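First the proteins, then the strands, lettered A, B, ... as listed; each starts at 1. This is a predicted model, so every value here is computed, not measured.
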Amino acid sequence: MSRQALRLDAKKVNSEFLTLTYGALVTQMLRDFENVEDVNKQLERIGYNMGMRLIEDFLARTSAPRCLEMRETADRIQQAFRMYLNIQPTISNWSAASDEFSLLFDTNPLTEFVELPADLSNLRYSAILSGCIRGALEMVQLEVQCWFVQDQLKGDNVTELRVKFVRRLEEAIPAGED
Amino acid sequence: MAFCIAIIGKDNAPLYLVTSDVEKELDLQYRVHAALDVVEEKCQLLGKGAPETKELYLGLLYSTETHKIYGFVTNSKIKFIIVIDSSNVALRENEVRAMFRNLHILWNDAVCNPFYIPGEQLNSKKFDRAVQKLMSGNV
Amino acid sequence: MRAAVGLMLSHGSVEPVMSRPDYEQTALHHGCLLVLLRGVGPSKPRTLQRAFEKVRRVNNIKVNDSSGATRSVWVRYIHDHPVEHNDWGDFQSHRRVLGLITIGKFENQTELNELCRQHESLKVRYGSTLYETRAIFVGPEADASNHTDGVDGTVNAHAQQQELETIGEHCNDVSTPTKPRLQDEYTTPSNFKAQAFFYREQDSCADLEPRICDFVNALFWVLESRRLERAREKPDKVSLLLAPFEKRDFVGLDMESRNNRKRCVGRVMKNLADLSLQAGLVEDSLSLYHNANETLRSVGDSLWVGACEEGLCSASAMLLYPQLHEMETLHRNASLQEAGTSPLRNMSEKWRASDATKKVNTPDANNISNNMLNNVADTRITSNSSSCSSVSSILTTNSSASGTPTTSSSSTSTISAATFGHQQRNGELPGNILKAEEITNYYRKAIINYSKYRHAAIIETEAALKATRVCIEQNRPLDVAMFLQNILYINLSMTEAERVKRFEIITELYQQIGYQRKAAFFQRLAALKHVQQGSQAPDWNQSYRLMLCSFTGYLLSLDPLEVLENAAGWPALQIDLVQSLITAARRLGHSALATRHMTFLLQTQWDNMSSTEQSEMAVQLQNLSAQCEGSPVPLVLENGTVIPPANLTDLPYCMELQVKDLPAHLRPQRIKIAKADSGPFLFTPIHLNSLDRRDKKKEKNKIAFHWVQNDLSEVSVRLRNPLPFELIITDMRLLTNGVVFESLPQTIILQPHVPTNVSLHGTPIETGQLDLQGYSTHTLGVKSNCRLKHMRGRSFPPNFLVDVIPALPRIDVKTSLPQTATFSNMNSADIVVTSASLTLYNGESASCTITITNESSTLQVEHFELNINSNVDQEVQKKIFRIDEKDLQDKLPIAPLASISFVVHIYAEADFVCPIPAASLHSTAAGGGEYGPSSLTHYSSNLSTSGHASLPSRVSSPQHRRIDPQCASFRSTMSAAQHSLATLSLQPASGTGPPSIGSQYTQHIEAQLRIKYSGGEALTAGYCRQCAVSFNLELLPSAQITSWDVLPAEIASQFYLVLDISNLTAQEMSLNYTHNKNILIEAKESCRVPIPVDRCSLEQVCAARAAEYAENMERELCFRTQLLSFSDALSKLCSTHIAERVKINWLLTGTDIQGIASLRGIVLTQAMIDLTTVSPLQWFISFQDTPVQQHGEVVCVVGQHSMLSIKLCNQSLQPLTNLELTIKFYQDYLNGIENYNLETRVAISGPNIISIPILEKHEQTQHICSVIFFTPGRFKTSIECVSRPQISTNATNDAALLTRSCPGATNLGQLETLASSQQPHLNIMLESSYDEQQTHVWKFIPPIEVTVVEQQ
Amino acid sequence: MSEEIVFDCLHAEIVNYCLGNNKEHDLATLEYIGFTTGYRLIERLTRDSSRFKDELETMKFICTDFWTLIYKKQVDNLRTNNHGMYVVQDKAFRFLTRISPGAKQLEHAPKFVAFTCGLVRGALSNLGINSTVTADVQSIPACRFHIEVNRN
């Protein structure tokens, strides 16, 4: 490692690299599709795929047992965010049936530098996150819905991601189990 | 505390210019523009083995009875220029340096906005706000 | 020394501060003798210029001093010199004027006196410092015998005194050699003591230079003496030298104090240094300065320390940069010109200079100077590369302003610089000289020291400028910038004019180091100063000039194209600059320029302006152009600056430009010309053609179609008005090159932002290639040429190329028939120029006269060809339309403006025959001989309801198709037709299509009479035009044959054609069916008419068959699958047979409308055919051995058997097979009832049905039987012979195959021979190929009537 | 590192995305995404480094510091012909380590280097060096990048 690089905080560079690359991807997509909704879908899908791969890594690292109820799941998700994006969303707004909760991000590395142009107000820039959660949970037989309630990019002061339990999937043993 | 902050592109096209007093904007723009010769001079001196420091801060470009004009160049050949009030003797040079550093950081972030197209004029609320802060001297 | 003090006092009153800085002063001037060189007298003609130059040329002389050393003495000539500056002579001795030279021209004594007077007064003025003066008088050529009238003797006395002391003795010895002649004619006034040189106007003044040298020499020696004086002074005696403003400071101070002594000594030393420097003792001066510096610093005499430091710099500079002397000469010229271009050149030679001085620099210094040189290169690039073009455009102005000398002088100076360099190398440099970079520091120090004294402001300013110039020499741009910037800091009270001057100097110096932006900045300031509010005499002219020059700095060019090209610079500033330029132009009252610049602004900065700005500017432009409208021509300023045209290419914004083809009916098209005489031209079209093709390959801006000489042509443009208000464009027309083109002006009004299509018209006057470049507009009061190639961001080709072919004649077409309201929906309807509509009853005929007028006044129509095409098939069409081509061609050519006419004959062709009813079909299929009245009545009845309602059923009947495939085919189209007539009229008739059926209904026929015509050169070039007349025919049903039948006639050679004819018109119709047989039919009624017709002879039948064979053979050869069957041929034969013989003329009674209904296309059943043709069987019937005659009465007796002999003979050309002879007796009760079961009344011996397997041609067969009648009565005998088919269809196919595969089977004869031989399959073949499976019935008609009587 | 895997996933997805839609221009798109990323990233990474004297200095920075930061390892070899051609050798290139070596994979290699080519080109271009960056993979996961500076 050279004198130069030492000065730069590797962690920071990592997340910036990620952020910028993601930004480049989004803008490219906006070039590719004229319809913003398509972009949202694409991003969500990409997130979904990533989620499916990340969960494996996650389970491998934290040999965490299968969680039995949503609250545990929520904690894991929180943990995952800390691990992968080193941000810690706060979990809140549990529904009465405690099958639905919100992740509140006061910072979101993906949107660190982003400023949405007026004409892209309906772009869900961070759609990848919701996709990720869905993808990951599906791998552990949890079908959830996941959507943005608030977004700092749209001027809200937090970014709120809502996660709702739909059903347990009964399929083959998920990766990393037992 | 600063009259004017200007950002000038690789090709010396103005990317961003803000003044504390809109009345003076044009006049200041003229002054900033005039400063470019010296900026270029200083940029070229580097690499000519000149004793010049290798730091991005170019120092005082020139000063008049009313204005002091400082320069700064990024490695990507983006030039920053800050015009301050000559009468303001309180302002030390290293404060100017600090301003440049902050400006540089702001600029970096602005450039990292995926929706900003490099080389084009920068218009960003975020940036405006931050720069205003910077000019008024409370960062 | 007393003098000095006295002098000091004498000027006590004078304002101690110098009035203004001497901006031209350089470091080297410290070492020069200052000489005031003045033109005097009323007229200062150019002729004096030579004198001035000669004088100026003497700026350096070499003198050998007492010690024998050579001194290099420099002179600086100045034009004027504020006298108070002399007072600073103690401070810096080079500020003293030491010499005076006046140059004046005189015509007569009085003028000469005046010159003398002025010279003298100048002497008085500067008397305090002058060492020497000279007067140069240029006198008239011829002897003007005008004598001196006494000059006023009252000349300043004491001034005279002084002179006498100084130059008294010079006068005597030098004045003698001066030219006597002029001097004799004119005498200088007695009080004029100065030494004068007289020259004739045209005199080359050869001896002037040496004389000036003498003069300088003189000056030197005086100076030298002063120096020595100074040098000899005792340190303890020296008095205090003072700068003018210091006097008060030292009043009443103890001059003897140690400090002040030091001060005195130091200052004197410094003064001595100055003098030595002037006297050419640079090294001495160096050391003196150093010492003085020491001494004075120790006493903190800052002002003078500064002076010492500056002195050191000057002395060092003199040694290091002697070439600066030359720079000066160059500079003098440069200063005249606008420095726009200078930086480049100055730079380049700068480094040569520094190269020369390199040796003396310390190593690091010299590699700096190396870097400097790269650096210089760079600055040059950065400052100019981007806008070198724009520089060039400025350059034109400068060169024109300053003339050539700049370049020449620069070159000389550089050369000399080099030589100096050598000298330096030879001469060893003193050790105490300042190093290059030290000089800068010393200047800095000096300036700081000066800056401590308010009154030294000017000294300080000048020092800064000198420093600047040295730094330029050293290529230290940053230091230059630093010093120049410093100048602005120095606050000295000066006039606006002075400030402007200061800015201009700064500008110039910045330009020398290539700081274009800085230069521009100050240039602009200067420009603004010139006209700032409150300034009593605003100089808009200067302001304008400077603004224009500052363009380079802002990367602006005068040429809009360039600006748009290298879109660089700071828009906001560019806009502002141009705006203030406009203001200046306006104030100058130069509205043309104002308009031009405003146009420029709109054109170049459009994208950088907000929409509101845009419209504001547009409005301003409108106001400006109101005074002087803009046009696309270059403007030239007094100084020769050329302001290129500015066009508003995008106002309005052109979205699309389309070259239009001529209207279809005028479009030129190629014709093949068979004309032999057009030999020479014959190649032109082909050549042109090939050329076109080649062009199309390489250039896409080549237009595919042609325009025609003298034909109005069109280009359509799509425009958008980007302004928020209505934009009026007048005089918009096409811009073209190449062939002469008359474009028509066009005025349009564009609403804001609404794209509008505009068509521009024009007429090519010549033939050849036309180059469409764009269009010109006149909007907002500005004329613009908007060329495609200048319209940016719209992938337009640079131009369009259209070929213009020779003029073509043009015709007008009229018809004698009324025009149609309906549009033709045939293809290429666009060429239709007129139309004709006509309604006819089927079978009726009419004619239409068409008149062609040649509209062109010069060309005649030589080539004229017609063709008709329509929605009916060729055959029918031929029947409908007839034109006598021959007669037409005779009328050609059509002379200009003449007209011809020709007739089109039109016949309402239709098929009057309706297909046969299904009913009768069945009956025939059943084979029974049972048709006629019954079927007919049935048919007519259902006709009366509606003839066609029942058609489909008929169509679908299978047998029918079997009978006649073609019919089937047309039926199907027909049925289609019934459902929609439209389809009918649309599809061009296939087979015997539409017209043949529609006959019961009104049908529409559309046709185009297409006319190709040409003439003149175009014809020889192979072009013509095509137009068309569209015909709209409405054919109404008239007579209609709804059903028909064929009955045997009384005589075997004839048959009766019985027709049901119905009148489909709305009026009574009289029908003439056979000669002199007429019948009237009510509207919508029908009636039956019998028409006797001769049978169709066997020969014809054979012919038909022969034809058919031939055809079949052919078909086989081309492997057609379906063979015709005999009956096809035969039925065709019969139907044409009938059609030819039977014509039915109808006439609508009470009108003259009449027509002919033909029976063409009548379809016959097999039975009918058998009746139509002569029977192949010949009957020989005898009863009781008595042959039975036609209608012959046969009588026999009851119970008595009688012989009935039936003999058959085959008359036809082929065997008849499976014949079955039937004999039946019956009783006809004449009430339609016939009784066939007569077992009790008659008996026949032997069978009454005899089968005959085959009856070869000409073969006879006989059947004899005996008949017995048991009861008397009237009996009838029907004898008929039936041929029944029995070969299966697939056998037919085999046969067909066989026939095809049978190579020999080419002609009829052969087949017959084959037939006679007994090979069964051949039989099959034959049978199949002629009499295919059809039932034929041949009767012996009429039936034999037998009357049986009782026995007697 | 846990963050790395996130990026690796993203990178993989980007590759898929580009190859997902029509085949012909996908590598170009991929390269371009890299370009814009590099162009912006370098702006930040050079914030604290002093001005580069010349091309070589710049190149050094890109090929050592920059590389190390992004790819978590130093390049194994950096050579130049001093005529504007630089060759960077990475024996275990980050984006190739995850695919199993083999001839079949080799033809897929371009997908995994295109982004980086763009990244480097972008970074250089923002530092005022116009270049053409190509890569060749002989045996996964080894990879060589050729940076050719386009003078003038």
Side-chain angles (χ1 to χ4, degrees), chain A residues 1-29 31-33 39 42-43 45-58 60-62 79-87 109-110 112-113 128 131-132 135-136, chain D residues 1-18 20-22 25-26 28-50 52 57 60-74 98 115-116 118-119 122-123:
Chain A
M1 275 267 187
S2 88
R3 170 189 48 75
Q4 280 292 1
L6 276 170
R7 274 216 238 112
L8 295 155
D9 155 11
K11 260 187 162 4
K12 190 95 186 86
V13 172
N14 269 323
S15 73
E16 287 175 355
F17 185 35
L18 184 76
T19 310
L20 292 176
T21 313
Y22 183 66
L25 173 65
V26 176
T27 43
Q28 179 59 44
M29 283 182 173
R31 271 192 293 278
D32 293 349
F33 309 92
V39 177
Q42 273 289 338
L43 291 173
R45 246 220 9 255
I46 285 184
Y48 181 84
N49 299 343
M50 287 174 70
M52 297 211 296
R53 288 186 52 194
L54 285 172
I55 185 79
E56 293 173 19
D57 181 79
F58 179 78
R61 286 173 195 281
T62 72
Q79 185 186 0
F81 268 108
R82 196 187 315 111
M83 190 184 287
Y84 292 113
L85 293 177
N86 57 65
I87 49 169
L110 292 183
E112 191 178 353
F113 313 118
I128 191 175
C132 242
Chain D
M1 287 269 292
S2 50
E3 296 90 346
E4 285 175 51
I5 179 153
V6 180
F7 185 86
D8 293 347
C9 293
L10 180 60
H11 178 262
E13 285 306 319
I14 290 176
V15 171
N16 292 339
Y17 167 75
C18 292
N21 41 23
N22 53 345
H25 78 296
D26 47 14
T29 323
L30 195 50
E31 201 264 4
Y32 184 71
I33 292 180
F35 179 85
T36 46
T37 310
Y39 192 98
R40 292 188 154 90
L41 188 61
I42 200 65
E43 192 86 49
R44 311 184 70 79
L45 297 191
T46 59
R47 185 194 294 160
D48 303 314
S49 49
S50 55
F52 300 122
E57 250 186 40
K60 279 219 205 77
F61 180 82
I62 293 297
C63 300
T64 58
D65 306 347
F66 178 72
W67 197 273
T68 320
L69 278 164
I70 300 304
Y71 295 112
K72 308 300 166 205
K73 71 187 287 298
Q74 272 166 305
R98 275 188 165 64
F115 175 83
T116 304
L119 195 71

Chemist: If you measure from CG on Leu69(D) to OG1 on Thr64(D), what distance do you get to the nearest 0.5 Å?
Modeler: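 It is 9.0 Å, given to the nearest 0.5 Å.
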Chemist: What residue, out of Leu10(D), Ile70(D), Leu119(D), Leu41(D), has the most heavy-atom pairs lying under 4.5 Å from chain A?
Modeler: Leu10(D)
Chemist: Please classify the contact of Arg45(A) with chain D as side chain, backbone, both or neither, using a heavy-atom distance under 4.5 Å.
Modeler: neither
Chemist: Is there a donor-acceptor contact under 3.5 Å linking the side chains of Gln79(A) and Arg82(A)?
Modeler: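 Note: Gln79(A) and Arg82(A) side chains miss the donor-acceptor criterion.
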Chemist: Of all residues at least two apart in sequence or in a different chain, which pass the side chain to side chain contact (heavy atoms under 4.5 Å, CB included) check with Ala12(D)?
Modeler: Arg53(A)
Chemist: Mind checking what makes salt bridge (charged side-chain N to carboxylate O under 4.0 Å, His left out) contact with Glu13(D), not counting sequence neighbours?
Modeler: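 Partners of Glu13(D) by the salt bridge (charged side-chain N to carboxylate O under 4.0 Å, His left out) criterion come out as none, since no residue qualifies.
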Chemist: Of the backbone (N, CA, C, O) and the side chain (C-beta and beyond), which part of Tyr22(A) lies under 4.5 Å from a heavy atom of chain D, both, or neither?
Modeler: both
Chemist: Between the side chains of Arg44(D) and Glu16(A), is the shortest nitrogen-to-carboxylate-oxygen separation below 4.0 Å, so that they form an ion pair?
Modeler: yes
Chemist: Side chain, backbone, both or neither: which part of Phe35(D) has an atom under 4.5 Å from a heavy atom of chain A?
Modeler: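 Nothing of Phe35(D), per the 4.5 Å heavy-atom cut-off to chain A.
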Chemist: Name the region of Phe115(D), side chain, backbone, both or neither, that has any atom closer than 4.5 Å to a heavy atom of chain A.
Modeler: side chain
